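Shown below is the structure under consideration.
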Amino acid sequence: MNKTFYLALGGQLMIASGLILFFSDKIDITVSKTLIPVFMVLAGLCTLLFSTYDKLPKIAKQYHFIQGVGFIVYATIIFALINSLQGFLLTTIYFVIMFGMFELLFAFGVLNSKHSINKEILISRILAGIVNLVGGFILLMMTFDDEKKGLFFTSILLAIGGISILIFSSKVRKYLHNS
């Protein structure tokens, strides 16, 4: 099986988390509080599996390993420590901003490395980083204004993150297939 499958599955699990959050007022909140961390742990595990792909350059393996661990840590914090909507939103703000900064650091790390990379892949990571950073600050403002708006925007950010990973996985699959 092609390991990019795991990356795409991780993106789909993030999209599912966003949808669960979007419909959390229609779903029992305890179900949402359980499913979101479970899906994020699974997304992290998928990302960790992808990080073992032998066709990836060393810097990409390191990036995906840290990304997978980050997803699992985020999910564990949400599941074990967070008991309020505000706590969830503030933890998510921190996660989204850190994820955005991490994406940008990775992209600039690749630019500073000797490894050549597909420009489309690099641009997709830079755009994902910018969207996460800007989205995190918008989420911060929305959360302080109205927690329900913050919850809605969080669901959108999780879905966008998953879509970003799906786009990235298709670019990686195409790049690896052509090389």
Side-chain angles (χ1 to χ4, degrees), residues 1-22 35-75 78 92-139 152-179:
M1 178 184 307
N2 190 329
K3 293 239 182 177
T4 55
F5 164 82
Y6 294 114
L7 189 61
L9 181 58
Q12 292 169 353
L13 289 162
M14 283 185 68
I15 292 169
S17 294
L19 289 172
I20 288 167
L21 200 54
F22 183 79
L35 285 179
I36 290 170
V38 166
F39 282 11
M40 291 302 292
V41 165
L42 292 174
L45 291 173
C46 287
T47 306
L48 288 173
L49 286 170
F50 178 70
S51 75
T52 64
Y53 195 18
D54 58 351
K55 291 186 178 182
L56 291 176
K58 181 180 177 184
I59 192 166
K61 288 180 180 189
Q62 293 169 339
Y63 164 77
H64 291 292
F65 178 81
I66 294 169
Q67 183 184 42
V69 170
F71 289 159
I72 293 168
V73 168
Y74 168 70
I78 294 297
T92 301
I93 290 166
Y94 177 74
F95 172 74
V96 167
I97 290 172
M98 296 310 297
F99 188 73
M101 288 177 25
F102 183 66
E103 289 277 6
L104 291 173
L105 285 172
F106 168 72
F108 291 118
V110 169
L111 285 173
N112 287 329
S113 73
K114 294 177 184 175
H115 178 72
S116 64
I117 190 165
N118 180 294
K119 299 295 183 218
E120 284 183 35
I121 292 173
L122 187 62
I123 290 170
S124 75
R125 294 298 80 203
I126 291 171
L127 289 175
I130 292 169
V131 167
N132 277 292
L133 273 175
V134 171
F137 287 109
I138 292 171
L139 178 56
F152 172 74
F153 194 68
T154 301
S155 69
I156 291 171
L157 282 178
L158 281 173
I160 288 173
I163 291 167
S164 166
I165 290 174
L166 284 176
I167 291 168
F168 177 65
S169 71
S170 71
K171 290 183 182 305
V172 169
R173 183 180 303 117
K174 188 170 100 175
Y175 175 74
L176 293 174
H177 179 70
N178 291 334
S179 56

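Being a predicted model, the structure only gives us computed values, none of them experimental.
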- prompt: NZ of K61 to CG of D54: how many Å apart, nearest 0.5 Å?
  reply: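 One gets 6.0 Å once the value is rounded to the nearest 0.5 Å.
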field: Minimum-distance pair of heavy atoms, taken over all atoms of L157 and G136
entry: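 For L157 and G136, the tightest heavy-atom pair comes out as CD1-N, 4.4 Å.
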message: Using every non-hydrogen atom in the two residues, find where L49 and K3 come nearest and quote the distance to one decimal.
response: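 That closest heavy-atom pairing would be O-CD, 3.5 Å.
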task: Mind running side chain to side chain contact (heavy atoms under 4.5 Å, CB included) on L19 and I15 for me, showing each step along the way?
output: CA-CA 6 Å; L19 289 172; I15 292 169; 4.2 Å; yes
- request: Would you please indicate if the ring centroids of H64 and F168 are separated by under 6.0 Å?
  value: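 Between H64 and F168, the centre distance is under 6.0 Å.
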task: Output the distance between atom OG1 (T154) and atom CG (L21), rounded to the nearest 0.5 Å.
output: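 Between atom OG1 of T154 and atom CG of L21 there are 6.0 Å.
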query: Which pair of heavy atoms, one from G129 and one from E103, lies closest together, and at what distance?
result: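 Smallest interatomic distance, heavy atoms only, reads CA-CB, 3.5 Å.
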message: If I compare all heavy atoms of G100 with all of N132, which pair ends up nearest, and what's the gap?
response: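 Residues G100 and N132, closest heavy atoms: CA-CB, 3.4 Å.
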- prompt: Hey, what do you get for CZ (F71) to CE (M40), rounding to the nearest 0.5 Å?
  reply: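 Separation between the atoms: 5.0 Å.
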message: As an exercise, state the distance from CD1 of I165 to CZ of R125, rounded to the nearest 0.5 Å.
response: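 Rounded to the nearest 0.5 Å, the CD1-CZ separation comes to 7.0 Å.
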Minimum side-chain heavy-atom gap I97-I93 below 4.5 Å: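 When only atoms from C-beta onward are counted, I93 and I97 do touch, with a gap below 4.5 Å.
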message: How close do V96 and G135 get, counting heavy atoms only, and between which atoms?
response: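 Shortest heavy-atom separation between V96 and G135 comes out as CG1-C, 4.4 Å.
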query: Between T92 and I78, which heavy-atom pair has the shortest distance, and what is it?
result: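 Closest heavy-atom pair between T92 and I78: OG1-CD1, 4.5 Å.
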message: Has T47 got a side-chain atom pairing as donor or acceptor with A43's backbone, closer than 3.5 angstrom?
response: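 It does hold such a pair.
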- prompt: Is the F95 ring parallel, tilted or perpendicular to the F99 ring (thresholds 30°, 60°)?
  reply: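 Ring orientation, 0 to 90° scale: parallel.
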- prompt: Do the rings of F102 and Y63 sit parallel, tilted or perpendicular, given the 30° and 60° boundaries?
  reply: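 Parallel.
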Spatial distance of atom SG (C46) from atom CE (M14) [nearest 0.5 Å]: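 It is 12.0 Å, given to the nearest 0.5 Å.
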message: I need the I66 CD1 to L48 CG distance, nearest 0.5 Å.
response: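 So the gap between those two atoms works out to 11.0 Å.
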message: Counting only heavy atoms not in Y53 (residues, nucleotides, ligands), do more than 12 fall under 6.0 Å from its OH?
response: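 For Y53, atom OH is crowded (more than 12 foreign heavy atoms under 6.0 Å).
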message: F137: which residues meet the ring pair (Phe, Tyr, Trp, His ring centres under 6.0 Å) condition with it, sequence neighbours left out?
response: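 None.
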